[in-house]
Protein chains: 2
Amino acid sequence: MTNNGRSSQSRPVQLDEVSKAIIEQLQADGRRSYADVGKAVGLSEAAVRQRVQRLTESGVMQIVAVTDPMQLGFTTQAMIGIRTAGDTRVLAARLAEIPEIDYVVLTAGSFDVMAEVVCENDDELLELLNTRIRVIEGVQSTETFVYLKLQKQFYNWGTR
Amino acid sequence: MTNNGRSSQSRPVQLDEVSKAIIEQLQADGRRSYADVGKAVGLSEAAVRQRVQRLTESGVMQIVAVTDPMQLGFTTQAMIGIRTAGDTRVLAARLAEIPEIDYVVLTAGSFDVMAEVVCENDDELLELLNTRIRVIEGVQSTETFVYLKLQKQFYNWGTR
DNA sequence: AGTGAAACGACCGTAGA
DNA sequence: TCTACGGTCGTTTCACT
């Protein structure tokens, strides 16, 4: 879970080309040895390790396992746009507590909050919508966009 | 970039509790040693290594570096819903080529495609929308939901 | 911030159950 | 698919720049 947004108080970090190159290496394979990465970017193993540590501790980068829901039999995914009459932050917090919801963002526009859900099947999505989302206090309407195909998913924002 | 969706032909993988535990360990820290993970889940180092290899090769899991756009000074993010008169797959493919767009999904509902963008500022988003998205052949309308706050982001679908 | 070197620990291949 | 084990390579610490 992250906590970013326009209200983020931390100042932006300016990466040099070497750090960007390190991140690119680890984006391809998060377990590549520091020595290998060092060879690729022209730095010693120790220097790479120090930079990775700094990047990780500052929250700029993290190395994590990510899983593919489709491969695990979660065949139904959807984005849900929600309008509320109440405090949008309260709604977002309530949505974030639901384990089937992996992504919650407060937005400007015709939805107050958008949430992505991962479900085993359509029935589970329907159940979730009606018994756990639409019943949240203040919710006025929801609009569901069922995923037909995930075309692109890129985890490495800011290093393109 | 992934390639999932309802059209996915691969059959679901059923994970046992041990593999789920391994994934949980590596979700917290993708660089933890196999020996450490083994201690946590009650398996030898070699067994953990084999399971991680299988999980990775089958595409169920991958260990990667992820970065935080806000920390890097990309202060403007948005979800864009798009309607097209043409082939939605062609539109999705064109959108996927744009580096500022990190997420593209074909949907059922009042949008044909939804895309997430990461920009340095509002001007860049405006420029992108008008000169590279709305000009794509067939695009009929776009609706932009600027992010005010990212509330939840979870990378480990299917192991909740 | 970076390098280099030595001790330590992790990783890999193979054998065996 | 697991454990056991030895060789190799990566990581860690530290002294130095």
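Sequence lines set the chain letters: A, B, ... in the order given, protein chains first and strands last, and positions in each chain run from 1. Side chains included, hydrogens not; waters and symmetry mates left out as well; all remaining heavy atoms used.
- B:Y34 has its OH atom 18 Å from the C1' atom of D:dT3, to the nearest Å.
- For the residue pair B:D112 and B:T84, no side-chain donor N or O sits within less than 3.5 Å of a side-chain acceptor on the partner.
- Distance CZ (A:R49) to P (C:dA1): 16 Å, rounded to an integer number of Å.
- Rounded to whole Å, atom P of C:dA10 lies 19 Å from atom CD of B:Q53.
- Backbone-only contact: B:R54 has heavy atoms under 4.0 Å from sugar-phosphate atoms and none from a base.
- Taking atom CG on A:D36 and atom P on D:dT8, their separation rounds to 18 Å, with Å as the unit.
- For B:S141, the side-chain hydrogen bond (donor to acceptor under 3.5 Å, both in side chains) partners are B:R83, not counting sequence neighbours.
- Put simply, CZ on A:R51 is 14 Å from C1' on C:dT3, counting in whole angstrom units.
- Atom CG of A:L43 and atom P of C:dG4 are 11 Å apart (whole Å).
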Show every donor-acceptor pair shorter than 3.5 Å between a side-chain atom in residues 48-57 of chain A and any protein atom, with sequence neighbours excluded, or say none if there are none.
unit_1 : atom_1 : unit_2 : atom_2 : d
A:R49  : NE     : A:E45  : OE2    : 2.9
A:R51  : NE     : A:S19  : OG     : 3.2
A:R51  : NH2    : A:D16  : OD1    : 2.7
A:R51  : NH2    : A:D16  : OD2    : 2.4
A:R51  : NH2    : A:S19  : OG     : 3.2
A:Q53  : NE2    : A:E57  : OE2    : 3.2
A:T56  : OG1    : A:V52  : O      : 2.7

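- Across the protein-nucleic acid pair, A:E45 atom CD and D:dT12 atom P stand 7 Å apart, rounded to whole Å.
- In the set D:dC2, C:dT3, D:dT11, the nucleotide with an atom closest to the side chain of A:S33 is D:dT11.
- Relative ring orientation between A:F111 and B:F145 is described as parallel, the plane-to-plane angle staying below 30° on a 0-90° scale split at 30° and 60°.
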